[in-house]
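Encoded as structure tokens, the structure appears first; notes follow it.
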Amino acid sequence: MIEQAMAWRSRLGREARALVSTDTWRRTLHLLVVTPWAVLMTVLSVLGLVLSAALLPVLLLGVPTFLGYGTALRCCARLEARWCHLVLGVRVPTALRAPAGTGWAQRAGHLVLDSTLWRAVAYHLLRLPLALSTALLTLIAWGGGAWLLIAATHPPAWPFADTPLPGDSTAHALLHGPLRPVTAALLVTGGVALLIAAPTVVRALALVHVSLARTLLGWASTRQLRARVREVEQRRAEVVRAAEAERRRIERDLHDGAQQRLIHLVLTLGMVRHQFADDPVRAAPLLATAHQEAKQAIVELRDLTRGLHPPVLADRGLDAALSALAARSPVPVTIDVRLDRRPPRLIESIAYFMVAEALSNTAKHAQATRAQIHLAARRDALLIRVTDDGVGGADTSGGSGLAGLAERAHGVDGDLTVHSPAGGPTVLTMELPCGW
């Protein structure tokens with residue numbers, strides 16, 4: 001019994017927190033705003049097709065009209081996908097793309113044969129009755145619960161409360177007679193129940209909207225799937241090239257740097273061993289040289305492994321790994337990590353490499369006096385931003401380290417943007433999908 005009571009208490013606590021959750025009110029806003037937008041899009045869908053068909057015999061004016069209609073649908077689909085991402089926190093891919101071809105007739109022909117266009121039209125036609133019904137249910141869930149609570153304490157809010165009723169009628173007893181406390185208690189119970197259920201209702205209704213959008217707007221055609229496969233293959237090739245370049249860098253640095261220094265260290269220690277028995281005084285400078293060579297080798301090996309997966313990253317996560325990275329930076333670095341969970345290991349490794357490369361570039365080229373690292377969870381992605389107050393002018397072309405970072409981000413369907421005007425500041429922003 002105690003466990004059941006605690007379970008019910010925990011459940012009621014979650015429901016109470018859901019009432020004031022920003023996600024709940026964002027979904028409510030979506031369900032209410034989507035109704036006038038659905039009316040507008042339905043009118044646009046029907047009117048565009050009718051005008052295109054009506055103007056086709058008139059000097060073929062229907063062809064540019066139809067192309068403009070397709071452009072308007074694409075813009076609206078992108079706007080709606082952006083709205084879903086900002087308000088609902090979900091990604092809705094838009095499969096409708098610009099038609100291929102050079103001439104108007106060729107592009108219009110491709111658009112007519114593009115199944116994604118007709119699915120978009122079907123989506124807008126089906127979404128109108130869905131939007132009307134979900135908006136009505138949302139108003140009932142929130143408004144009905146609030147109205148019942150108000151009616152429990154203010155009888156004039158009840159329907160026909162001021163209508164004359166027979167003195168012995170049941171309705172009069174419910175409204176004004178001895179049964180009024182019982183009626184008020186029932187109204188309070190119903191209102192509280194509706195308000196508690198409202199977050200679950202709006203969550204389910206918003207999910208229906210998202211499912212419909214993903215089914216009809218995000219269902220790509222065969223041609224688009226082939227283009228997506230080519231894009232994935234290209235990004236995979238970029239990742240392979242980046243990994244191969246990194247391997248060559250490690251091999252080159254090992255052969256030209258650390259290996260040569262270790263060979264020199266071995267030779268120096270050999271000379272010390274031969275001279276130490278005969279003349280320990282002359283061997284002392286050689287020991288000092290060997291000690292310095294050993295320290296330089298350690299520094300070079302540490303620089304060589306920059307960007308590789310450190311043990312602290314696997315054991316303690318990004319926060320600790322970046323703190324250790326910032327402590328070794330010659331430029332003062334402040335870190336702001338706002339993560340409530342750990343990203344996947346691959347995403348962690350790419351994020352660490354990105355920050356390590358950015359701090360290295362800042363120390364070498366930016367002439368900066370300070371840098372900032374900001375990490376945050378953005379719904380289903382990890383956002384990394386590295387900022388410095390240097391001279392700017394960072395370039396992602398020409399096979400630079402930033403180009404390698406972009407290839408790593410693209411390999412996991414991420415994105416890297418660089419804002420570095422002349423005179424600074426430089427801001428590197430990477431967004432990596434995490435699937436949280």
Check: Thr71/Arg74 side-chain N/O donor and acceptor closer than 3.5 Å: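 There is such a pair (donor and acceptor under 3.5 Å, judged by atom type) between the side chains of Thr71 and Arg74.
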Less than 3.5 Å apart, any donor N or O on the side chain of His209 or Thr134 sitting next to an acceptor on the other?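 Result is yes, a qualifying pair exists.
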I want to check something: taking the side chain as every heavy atom from C-beta on, are [X] and [Y] in contact at a cut-off of under 4.5 Å?
{"X": "Leu79", "Y": "Trp37", "answer": "yes"}
{"X": "Trp142", "Y": "Val202", "answer": "yes"}
{"X": "Asp389", "Y": "Thr426", "answer": "no"}
{"X": "Met354", "Y": "Leu428", "answer": "yes"}
{"X": "Arg328", "Y": "Leu325", "answer": "yes"}
{"X": "Trp118", "Y": "Leu49", "answer": "yes"}
{"X": "Thr429", "Y": "Ile384", "answer": "no"}
{"X": "Arg338", "Y": "His374", "answer": "yes"}

Does this structure show an ion pair linking Arg127 with Glu80, if we count only N-O contacts that are shorter than 4.0 Å?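 Salt bridge: yes.
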What's the separation between atom [atom1] in [X] and atom [atom2] in [Y], rounded to the nearest 0.5 Å?
{"X": "Thr387", "Y": "Gln372", "atom1": "OG1", "atom2": "CD", "value": "6.0 Å"}
{"X": "Thr22", "Y": "Leu29", "atom1": "OG1", "atom2": "CG", "value": "12.0 Å"}
{"X": "Glu431", "Y": "Asp415", "atom1": "CD", "atom2": "CG", "value": "7.0 Å"}
{"X": "Ser323", "Y": "Arg316", "atom1": "OG", "atom2": "CZ", "value": "8.0 Å"}
{"X": "Arg203", "Y": "Leu31", "atom1": "CZ", "atom2": "CG", "value": "12.0 Å"}
{"X": "Arg345", "Y": "Ile350", "atom1": "CZ", "atom2": "CD1", "value": "14.0 Å"}

Strictly distance-based, threshold 3.5 Å: is any side-chain N or O of [X] a donor or acceptor partner for the main-chain N or O of [Y]?
{"X": "Thr138", "Y": "Thr28", "result": "no"}
{"X": "Asp336", "Y": "Leu375", "result": "no"}
{"X": "Arg26", "Y": "Val87", "result": "yes"}
{"X": "Ser349", "Y": "Leu346", "result": "no"}
{"X": "Tyr69", "Y": "Ser45", "result": "yes"}
{"X": "Ser360", "Y": "Ala356", "result": "no"}

Please determine whether side chain to side chain contact (heavy atoms under 4.5 Å, CB included) holds for the pair Ile373 and Leu359, giving the CA-CA distance in whole Å, both sets of side-chain angles, and the decisive distance to 0.1 Å. CA-CA 9 Å; Ile373 302 173; Leu359 292 181; 4.0 Å; yes
Might you work through the side chain to side chain contact (heavy atoms under 4.5 Å, CB included) test for Asp388 and Val331, ending with a clear yes or no? CA-CA 9 Å; Asp388 65 67; Val331 178; over 6 Å; no
What are the two closest non-hydrogen atoms of [X] and [Y], and how far apart are they?
{"X": "Glu348", "Y": "Arg342", "result": "OE1-NH2, 2.7 Å"}
{"X": "Leu382", "Y": "Ala376", "result": "CD1-O, 3.6 Å"}
{"X": "Pro343", "Y": "Leu318", "result": "CG-CD1, 4.3 Å"}
{"X": "Thr362", "Y": "Ala368", "result": "CG2-CB, 3.8 Å"}
{"X": "Ser52", "Y": "Gly48", "result": "OG-O, 2.8 Å"}
{"X": "Val34", "Y": "Ala131", "result": "CG1-CB, 3.9 Å"}

List the residues meeting side-chain hydrogen bond (donor to acceptor under 3.5 Å, both in side chains) with Thr35, not counting sequence neighbours, and say none if there are none.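 Here no residue qualifies.
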Non-neighbouring partners of Ser211 that pass side-chain hydrogen bond (donor to acceptor under 3.5 Å, both in side chains), sequence neighbours left out: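 Listed in chain order: nothing, the list is empty.
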Would Leu128 and Val39 count as a side chain to side chain contact (heavy atoms under 4.5 Å, CB included) here? Give the steps. CA-CA 6 Å; Leu128 179 59; Val39 174; 3.5 Å; yes
According to salt bridge (charged side-chain N to carboxylate O under 4.0 Å, His left out), does anything in residues 33-49 pair up with another residue at least two apart or in another chain? List the pairs.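 Qualifying pairs, neighbours excluded: none.
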Can Leu130 and Leu126 be said to form a side chain to side chain contact (heavy atoms under 4.5 Å, CB included), step by step? CA-CA 7 Å; Leu130 176 65; Leu126 292 174; over 6 Å; no
